[in-house]
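Here is the structure we will look at, set down as structure tokens.
Given the structure is predicted, the values throughout are model-derived calculations rather than measurements.
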Amino acid sequence: MTDVTTARPHATEPAGPDPAPAPPSGSPLGRILARAAALTALLTAAGALLGLVRDQTIAHLFGAGSGTDAFLVAWTLPEMAATLLIEDAMALLLVPAFSLALSRRAAADAPTDPVRDLVAATLPRLLLALGAATTLLVLAAPLLVSTLAPGLDEPGLAVDCTRLTALTVLAFGVAGYFSAALRAHRSFAPPAAIYAAYNLTIIATVIACHTVLGVRAAALGVALGGGLMALVQLPFVLRHLAARRRERVRGRPAFRRRTARRTADPAARPTLLGAALLAPVILFCVGRQSQVLIERYLASSLPAGAISHLNYAQKVAQMPMVLSLMICTVTFPVVARAMADGAAEQARRRVERDLHLAAVVVLLGAAYVLACAPQIIQLLFQRGAFGPEDTAATASVMRVYATGLLGHSLVGALVRPFFSAARPTWYPALAMAAGMTVTVAAGVWTAPHFGIHGIAAANAAGITLTAALLLHGLGSRIIPLDVPRMVSGLVRLLAAAAVAALAAWAVAGLCPGPLTAASAGGAALVAAFAGAGLLLRAPEVAGPVAAGLRRAARRPAPGPAAATTTRPPETDR
């Protein structure tokens, strides 16, 4: 590992990629992470594409009216369950816990396997709690619907759908547990494939049953898809638990061997999972997902279709955020293991680079949404019961959502190191509470005047405040990030994205037809972002672009010119 006195850049250095990233791309771990990121990207893209097909199918068959509003209120449960039990709370709790268990397994020859001990201590209790919660939600569906959307046109339909979607609480909990265990073992393909299986099941169920069940077919597909998410991971989990593999401490640097011995000491072992850690993680995740609850509560009093327009806009707009967080999903077990081993400097360098990489991805996506929102929605949804008026409303609110995408991505990336520490921390939950306060206050004030656009703007304002608080708190409390350097890099990336959005918007406006406009706008966006990032020396943009230009300049020209550059002249022989 690089010495800490030379790894951190000087304050006078310009913002840009860390000159000594952790791990280096040529190292075995770096190659593993690169392959894992590529495979995860492929499977995540497949799941996202099928999610679009799912939304297109629902929009085509049911449009954007009172029936889809009722289903989307019921869909609040699986959306919140996915956040709590798969992506956020379960991962934030269990990836560090499994990483610590794996570290203990590698530190000393324990009489029992710490990983199996962790599963035996947590999985039965989790199943019992999830089963009780599922039963309670099925019974309380009428109360839940009246609380979430008191002004809904078809509350009975929403209750029926809610009773079906409530079954995902148990299924998602098991799927999230399996995903955390596999990611901690650096097995990323099965967890990344679960959304493809989930969306395929919903699509098949809706197509097969919509004539008989109506929009209830979508709720049934959600319930069946949740069960399949757990089943596709089960064989891989059983394989890892059956094969006990001990990591060797031999050959590691001396300070890591000492850290491993301290971790192996029973007196020095922190509690893997406890109420003191569960409470702040769960409250943070509930607060984050409550933004959807607030939006649908406020939109339920607006004209029919408001909830549907918000949903379609949010689903499409958040795709760049999902892709950006894929980077942190792959590297989170590495950060958690580094912190469990006491390698704080390695964790710092990994987190700093991940934040800039995630920002590049999400800002490219946000700029594209701002520039080409009408063309995107027209291509994806405008058919069947989804008409031009729905396209215009959805596209306009999607542009407002895009202003908060960087905040959403940073919150998802920044919170992971907080909960990788051995001690529990309430700071993320408090930061989320501050953001929620802004979202509620702004939403209550703007919804009567600006409708769904005011609701989306309130969401963007609240999550951006949360991201700023988390960035400040992570650098001062958990990992010694160079916060001014990070902010400078993010500002440069924002400026490059703004230039790219204007260029893409101008080009798209000159093209006839949505497909031509979206394609030309995307090409202009990438070129403008690369050029502006190079001029502004934006992190993770200037370095790769400059390196590509240097390689192109060194490449010999084809044909006779290349021959004259490689063959010495006759007079020199």
Side-chain angles (χ1 to χ4, degrees), residues 64-66 68-70 72-73 75-76 79-80 83 145-153 286-321 362-363 365-367 369-371 373-374 376-377 389-412 430-470 494 497-498 501 505:
S66 58
T68 51
D69 284 354
L72 291 172
V73 169
W75 206 356
T76 303
E79 284 181 325
M80 193 162 188
T83 299
V145 169
S146 63
T147 302
L148 291 176
L152 204 62
D153 290 345
V286 169
R288 185 181 181 191
Q289 188 60 24
S290 293
Q291 288 188 318
V292 177
L293 305 182
I294 293 168
E295 289 181 0
R296 290 181 181 170
Y297 180 88
L298 295 173
S300 66
S301 59
L302 298 177
I307 295 177
S308 299
H309 294 144
L310 282 170
N311 172 76
Y312 292 130
Q314 188 181 65
K315 291 292 174 59
V316 178
Q318 287 191 351
M319 286 186 65
M321 180 202 71
V362 77
L363 285 175
V369 167
L370 286 169
I376 294 171
I377 296 300
E389 298 81 5
D390 297 317
T391 294
T394 303
S396 61
V397 76
M398 189 167 74
R399 280 175 163 156
V400 181
Y401 270 130
T403 62
L405 286 181
L406 179 61
H408 279 287
S409 181
L410 290 179
V411 167
L430 295 176
M432 194 71 242
M436 287 298 304
T437 302
V438 171
T439 299
V440 172
V444 169
W445 179 69
T446 58
H449 304 287
F450 302 101
I452 56 179
H453 302 88
I455 295 173
N459 180 308
I463 201 66
T464 302
L465 174 63
T466 301
L469 292 174
L470 287 176
L494 272 170
W505 174 76

ask   = Heavy atoms, side chains only, cut-off 4.5 Å: are Asn311 and Glu79 in contact?
value = yes
query = Do Tyr312 and Val397 touch side chain to side chain, with heavy atoms closer than 4.5 Å?
reply = no
query = To the nearest 0.5 Å, what is the distance between OH (Tyr297) and CD1 (Ile455)?
reply = 12.0 Å
key: Contact summary for Gly404 and Thr464, nearest pair of heavy atoms   = CA-OG1, 4.4 Å
ask   = Can you tell me how far the NZ atom of Lys315 sits from the CG atom of Leu310, to the nearest 0.5 Å?
value = 11.5 Å
note = Looking only at heavy atoms, the pair that brings Val362 and Leu405 closest together is CG2-O, 3.6 Å
ask   = Do Met319 and Val369 have side-chain heavy atoms sitting under 4.5 Å apart?
value = no
key: Heavy-atom side-chain contact between Met80 and Val286 under 4.5 Å   = yes
task = May I ask you to check whether Thr439 and Asn459 show a side-chain donor-acceptor distance below 3.5 Å?
result = no
note = Smallest heavy-atom separation, Ser308 atom then Leu72 atom, equals CA-CD1, 3.5 Å
ask   = Considering all heavy atoms of both residues, which atom of Ala299 and which atom of Ile307 are nearest to each other, and what is their separation?
value = CB-CG1, 3.8 Å
query = Is the shortest heavy-atom distance from the side chain of Met432 to the side chain of Ile463 under 4.5 Å?
reply = yes
task = Scan Thr394, Thr391, Asp390 and name whichever one has a side chain to side chain donor-acceptor pair (under 3.5 Å) with His309.
result = Asp390
query = Would you call Leu363 and Leu406 a side-chain contact if the rule is heavy atoms closer than 4.5 Å?
reply = yes
task = Would you give the length of the straight line joining atom CG of Leu298 to atom OG1 of Thr446, rounded to the nearest 0.5 angstrom?
result = 8.0 Å
message = Between Thr403 and Arg399 (side chain of the first, backbone of the second, donor and acceptor by atom type, cut-off under 3.5 Å), is there such a pair?
response = no
key: Identified side chain to side chain contact (heavy atoms under 4.5 Å, CB included) partner of Val440 from the options Val444, Thr437, Val438   = Val444
Straight-line distance of Met436 CE to Leu465 CG, nearest 0.5 Å = 12.0 Å
request  = Determine the minimum heavy-atom distance between Trp505 and Ala371, stating which atoms define it.
outcome  = N-CB, 3.5 Å
ask   = What's the shortest heavy-atom distance between Gly412 and Arg288, and which atoms?
value = CA-NH1, 3.9 Å
Audit row: Leu470, Leu410, side chain to side chain contact (heavy atoms under 4.5 Å, CB included) steps and yes/no = CA-CA 9 Å; Leu470 287 176; Leu410 290 179; over 6 Å; no
